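In what follows, a single structure is set out as structure tokens and then discussed.
No hydrogens, no waters, no symmetry mates; every other heavy atom, side chains included, goes into these values. Remember, it's a predicted structure, so these values are computed and weren't measured experimentally.
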Amino acid sequence: MEQNCLICGLDESEESDVVFRDEFWAAEIVRSYAVPGWFFLRARRHAERITGLNEQELESFGRRARDMVAAVTHATGAETTYILMFGEAFPHFHALIAARTPEVPTDRRGGDILKLRVEGVDPERARALVPAVREAYARFTTELLVTAPSGEG
């Protein structure tokens, strides 16, 4: 854990905010981004940007991202789910997984969904979605492992 790294500090998140944690990755809501249906998927180790990930992190990132998108989409009824990565303000590698549900206005779709970071913050509603996303994540992960062709999963 890197001292003074906001993203590293998420390892101290309350369990009620956490979808999953494994050896390499964690997913949770983040208080300053507590828009319902928004989750951070982040490297557990302090790795700066995608170029700082090691081989094990790189190999597992796609699967974790896929499983989180599937879980968030299922639990929220999202019409689409975005994965956004910037790393400018917080270089610790993380991705914002953001559900775009039917009630999101058309002028807040695509890149404009980020305007909801100010307009759409609702920590109680965001936290209320965690159990459903956690359950869907566990189910999709298990289903995908069971149905994966040999050599995968």
Would you kindly confirm whether Leu84 and Leu6 end up in one hydrophobic cluster when ILVMFWY residues are joined by side chain heavy atoms under 4.5 Å apart?
yes
Is Glu28 salt-bridged to Arg42, going by a charged N under 4.0 Å from an acidic O?
yes
Taking Arg134 for the side chain and Val18 for the main chain, is one N or O donor matched with an acceptor at less than 3.5 Å?
yes
Go through the steps for Arg45 and Phe24 under the test side chain to side chain contact (heavy atoms under 4.5 Å, CB included), then give the verdict.
CA-CA 7 Å; Arg45 178 182 69 84; Phe24 303 115; over 6 Å; no
Which residue pairs satisfy the side chain to side chain donor-acceptor pair (under 3.5 Å) criterion with at least one member in residues 88-98, sequence neighbours excluded?
His46-His92
Hey, quick one: are Ile50 and Phe86 part of the same hydrophobic cluster, counting side-chain heavy atoms closer than 4.5 Å, chains of contacts allowed?
no
I'd like to check Asp11 versus Arg21 (side-chain heavy atoms, cut-off strictly below 4.5 Å). Are they in contact?
yes
Under a 4.5 Å side-chain heavy-atom rule over Ile, Leu, Val, Met, Phe, Trp and Tyr, are Val72 and Tyr137 clustered together?
yes
Which atom of Ala47 lies closest to which atom of Gly52, heavy atoms considered:
CB-O, 3.5 Å
For the pair Phe39 and Thr81, evaluate side chain to side chain contact (heavy atoms under 4.5 Å, CB included) and give the outcome as yes or no after the intermediate values.
CA-CA 11 Å; Phe39 297 85; Thr81 303; over 6 Å; no
Sort and list the pairs that fulfil ring pair (Phe, Tyr, Trp, His ring centres under 6.0 Å) and have at least one residue in residues 54-75, not counting sequence neighbours.
Trp25-Phe61, Phe61-Phe93, His74-Phe140
Measuring from Leu96:CG to Phe40:CZ, what's the distance to the nearest 0.5 Å?
6.0 Å
So for atom CD, which belongs to Glu55, do other residues, nucleotides or ligands contribute more than 12 heavy atoms lying within a distance under 6.0 Å?
no
Output the distance between atom CG (Asp17) and atom CD (Glu12), rounded to the nearest 0.5 Å.
12.5 Å
Identify the two heavy atoms, one from Gly110 and one from Tyr82, that lie closest to each other, and give their separation to 0.1 Å.
N-OH, 2.9 Å
Neighbour count >12 (heavy atoms, 6.0 Å) for atom CD, Glu135:
no
Check whether any side-chain N or O of Arg31 sits under 3.5 Å from a backbone N or O of Pro123 as a donor-acceptor pair, and report yes or no.
no
Single-linkage hydrophobic cluster Val133~Val69, side-chain heavy atoms < 4.5 angstrom:
yes
Tyr33 six-ring face occupied by Arg117 cation (under 6.0 Å, within 45°)
yes
Backbone N/O of Ala26 and side chain of Arg44: donor-acceptor pair under 3.5 Å
no
Heavy-atom closest contact (Pro36 atom, Gly120 atom, distance):
CD-O, 3.4 Å
Contact check, side chains of Glu23 and Gln56, non-hydrogen atoms, under 4.5 Å:
no
Do you know which two heavy atoms are closest between Gly37 and Leu129, and how far apart they sit?
N-CD1, 3.3 Å
Separation between CG (Leu116) and CG (Asp122), nearest 0.5 Å, reads 12.0 Å
Can you tell me how far CD1 of Ile7 sits from CZ of Phe90, rounded to the nearest 0.5 angstrom?
6.0 Å
Answer yes if Val121 and Val104 sit in the same cluster of Ile, Leu, Val, Met, Phe, Trp and Tyr residues linked by side chain heavy atoms under 4.5 Å apart, and no otherwise.
yes
dist Thr73:OG1 -> Met68:CE (nearest 0.5 Å) comes out at 9.5 Å
Taking it one step at a time, do Glu57 and Arg64 satisfy salt bridge (Lys or Arg N to Asp or Glu O under 4.0 Å)?
CA-CA 10 Å; Glu57 292 159 340; Arg64 297 300 176 263; over 6 Å; no
Reported OG-to-CD1 distance for the pair Ser13 and Ile29, which is rounded to 0.5 angstrom:
8.5 Å
Heavy-atom side-chain proximity of Ile113 to Val35 below 4.5 angstrom
no
Given Phe20 and Thr141, is the side chain to side chain contact (heavy atoms under 4.5 Å, CB included) satisfied, shown in steps?
CA-CA 11 Å; Phe20 83 91; Thr141 301; over 6 Å; no
Closest non-hydrogen atom pair, Ala34 against Ala126
O-CB, 3.7 Å
